[in-house]
Amino acid sequence: MTKELSVDDFDYIQVDPSCGRFGCLLLIADFELERWPKSHDSGHGDFKRSRCNARQPRSLCKQEKVGFNFKSNKKAGVKPKRKLKEDDDDDGEWEAAMKPKPKRNKKLQPLALAFRPMPTPDLPHNFRRYILGNMGGSDLALVIQKTLFFSDVNTTASRFSVPFSQVKTHDFLTGTEAQSLADKNPMQVRLLEPSMKETTLTFNRWEMSKTKLYVMTKAWNSVVQHNKLEEGNVVQLWSFRVNSELCFALVKVDVHAEN
């Protein structure tokens with residue numbers, strides 16, 4: 001008959017303090033197999049050899065690293081659940097992949113430059129003097145300050161756009177004029193060019209899907225050519241009245257002088 005185990009049987013075995021109950025059971029089972037009587041080997045030799053080949057070392061590892069062998073469960077369709085631990089080797093790579101990459105400092109593109117905040121200078125004295133004195137104008141108001149896009153200087157498009165989203169105020173139009181434009185009735189207006197030359201243009205309102213804008217067409221290409229307007233130039237469009245007639249003045253802004 002096999003002698004029962006006691007605490008004294010484990011005096012020479014080194015046990016990890018962090019070992020849990022399950023780890024202790026494995027240790028006891030391993031010790032018991034070693035002292036299995038030879039008389040019991042009959043019929044159990046295969047079991048003993050297979051068990052001894054897979055036994056745990058005498059110095060038990062930490063509890064979280066002790067587990068079952070799930071290879072036998074593959075046929076039953078049972079997959080082992082993998083627990084993520086702080087000391088997992090793949091964890092560092094996963095965290096590195098999830099970290100956002102630092103943004104590169106890029107130069108401002110033309111579109112960003114067009115919408116960046118910039119100072120709004122007043123109407124130059126020579127324009128003010130000419131409008132108020134020579135033309136007898138009044139009710140000066142800044143309509144928009146914008147950066148010219150390629151479409152503004154493209155001879156094929158032949159138009160100057162004034163997006164609603166950038167308009168300083170719509171009060172430069174009377175109620176009747178605003179309604180007439182909404183009804184798709186364009187207006188003929190006078191424009192004082194940057195060269196101080198007067199030109200007659202067509203002023204209209206366009207609605208394109210989600211965008212609304214005013215546009216100046218007809219003879220706009222000549223304004224671009226005479227004043228050497230280029231993509232990236234900053235311009236201002238001012239409105240004023242001459243005998244209640246709507247007029248405009250186009251001014252080129254010297255951005256470097258303002259900075």
Side-chain angles (χ1 to χ4, degrees), residues 108-124 126-127 130-131 135 137 139-242 244-255 258:
L108 292 176
Q109 301 300 322
L111 184 61
L113 289 172
F115 292 100
R116 69 175 181 177
M118 63 180 65
T120 305
D122 199 1
L123 183 66
N126 58 332
F127 274 85
Y130 187 88
I131 292 172
M135 300 181 66
D139 301 331
L140 281 166
L142 177 62
V143 177
I144 189 175
Q145 175 173 302
K146 61 167 288 185
T147 301
L148 293 179
F149 288 101
F150 175 73
S151 58
D152 293 314
V153 296
N154 184 12
T155 55
T156 303
S158 185
R159 57 121 176 106
F160 173 68
S161 64
V162 182
F164 275 28
S165 59
Q166 300 181 53
V167 170
K168 301 291 184 181
T169 177
H170 294 270
D171 293 340
F172 66 93
L173 292 172
T174 65
T176 303
E177 292 170 342
Q179 186 60 48
S180 179
L181 292 174
D183 294 337
K184 300 181 179 180
N185 297 318
M187 303 170 54
Q188 299 300 309
V189 297
R190 280 196 290 174
L191 174 70
L192 182 61
E193 301 179 18
S195 61
M196 306 296 289
K197 176 185 176 181
E198 294 184 36
T199 305
T200 301
L201 297 176
T202 300
F203 186 73
N204 204 353
R205 168 178 165 166
W206 288 358
E207 294 188 14
M208 300 183 299
S209 61
K210 298 180 180 180
T211 304
K212 296 180 181 180
L213 64 158
Y214 299 115
V215 291
M216 285 185 172
T217 58
K218 302 290 180 66
W220 172 250
N221 282 342
S222 64
V223 176
V224 174
Q225 295 173 1
H226 294 160
N227 298 276
K228 298 181 180 180
L229 298 179
E230 298 177 349
E231 179 184 3
N233 290 159
V234 178
V235 297
Q236 290 180 337
L237 184 68
W238 291 78
S239 69
F240 59 96
R241 298 276 171 175
V242 176
S244 72
E245 177 188 356
L246 180 63
C247 302
F248 293 97
L250 187 68
V251 181
K252 290 179 69 174
V253 178
D254 189 349
V255 180
E258 295 302 323

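Note: hydrogens, waters and symmetry copies are ignored here, and every other heavy atom, side chains too, is used. Throughout, numbering of the chain's residues begins at 1 and tracks the sequence.
Residues passing the side-chain hydrogen bond (donor to acceptor under 3.5 Å, both in side chains) test with Glu230: none are found, sequence neighbours excluded. Residues that satisfy the side chain to side chain contact (heavy atoms under 4.5 Å, CB included) test with Ala219, not counting sequence neighbours, are Thr199, Leu201, Ser222. In terms of the ring-ring contact (aromatic ring centres under 6.0 Å, His included) criterion, Trp238 has no residue partners (sequence neighbours excluded). Scored by the side-chain hydrogen bond (donor to acceptor under 3.5 Å, both in side chains) test, Asn154 finds no partners at all (sequence neighbours excluded). Remark: Phe240 engages no residue in a ring-ring contact (aromatic ring centres under 6.0 Å, His included) (not counting sequence neighbours). Applying the salt bridge (Lys or Arg N to Asp or Glu O under 4.0 Å) test to Asp122 and every residue at least two apart in sequence or in another chain returns Arg128. For Asp139, the side chain to side chain contact (heavy atoms under 4.5 Å, CB included) partners at least two apart in sequence or on another chain are Arg241. In this structure Phe164 satisfies the ring-ring contact (aromatic ring centres under 6.0 Å, His included) test together with His170, Tyr214, sequence neighbours excluded. With sequence neighbours excluded, the residues forming a side-chain hydrogen bond (donor to acceptor under 3.5 Å, both in side chains) with Ser161 are Lys146, Asp152, listed by chain and number. Partners of Arg190 according to the side-chain hydrogen bond (donor to acceptor under 3.5 Å, both in side chains) rule, which considers only residues two or more places apart in sequence or in another chain, are Glu198.
The shortest distance between side-chain heavy atoms of Leu140 and Ile131 falls below 4.5 Å. Counting heavy atoms from C-beta on, the side chains of Leu237 and Val162 come closer than 4.5 Å. Side-chain contact between Phe160 and Leu148 is present, with at least one heavy-atom pair separated by less than 4.5 Å. Residues Gln236 and Leu250 fail the side-chain proximity criterion, which asks for heavy atoms closer than 4.5 Å. Within the 4.5 Å cutoff, side-chain heavy atoms of Asn204 are placed close to those of Trp206. In this structure, the side chains of Ser244 and Thr174 stay at 4.5 Å or more apart for every pair of heavy atoms. Looking at Tyr130 and Met196, their side chains come closer than 4.5 Å, going by heavy atoms from C-beta outward. Contact of the Cys247 side chain with the Val189 side chain is not registered, since no non-hydrogen atoms from C-beta on lie closer than 4.5 Å.
For the atom pair Met216 CE and Leu191 CG, the distance stands at 5.5 Å (nearest 0.5 Å). For the atom pair CG of Leu173 and CG of Leu246, the computed distance is 6.5 Å after rounding to the nearest 0.5 Å. We find the OG-CG distance between Ser239 and Leu142 to be 8.5 Å, quoted to the nearest 0.5 Å. To the nearest 0.5 Å, atom CE of residue Met187 and atom OG1 of residue Thr202 are 10.5 Å apart.
When all heavy atoms of Asn227 and Lys252 are compared, the pair lying nearest together is O-NZ, 3.6 Å. Between Ser151 and Ala157, the shortest heavy-atom distance links the atoms O-CB, 3.6 Å. The heavy-atom pair separating Ala249 from Phe127 by the smallest distance is CB-CD2, 4.3 Å. In terms of heavy atoms, Val242 sits closest to Gly137 at CG2-CA, 3.9 Å.
The list of salt bridge (Lys or Arg N to Asp or Glu O under 4.0 Å) pairs with a residue in residues 200-220, not counting sequence neighbours, reads Arg205-Glu207.
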Inset, instruction - Report the C-alpha separation of Val253 and Val235 in whole Å, then their side-chain angles, then the decisive distance to 0.1 Å, and conclude whether the side-chain contact (heavy atoms from CB on, under 4.5 Å) test is met. - result: CA-CA 5 Å; Val253 178; Val235 297; 5.8 Å; no
Inset, instruction - Under the side-chain contact (heavy atoms from CB on, under 4.5 Å) rule, what do Phe203 and Leu181 come out as? Steps first, then yes or no, please. - result: CA-CA 9 Å; Phe203 186 73; Leu181 292 174; 3.8 Å; yes
Inset, instruction - For Gln145 and Val234, run side-chain contact (heavy atoms from CB on, under 4.5 Å): C-alpha distance rounded to whole Å, both residues' side-chain angles, the deciding distance at 0.1 Å, then the answer. - result: CA-CA 7 Å; Gln145 175 173 302; Val234 178; 4.0 Å; yes
Legend entry - side-chain hydrogen bond (donor to acceptor under 3.5 Å, both in side chains) between Asn221 and Gln225, intermediate numbers included: CA-CA 6 Å; Asn221 282 342; Gln225 295 173 1; over 6 Å; no
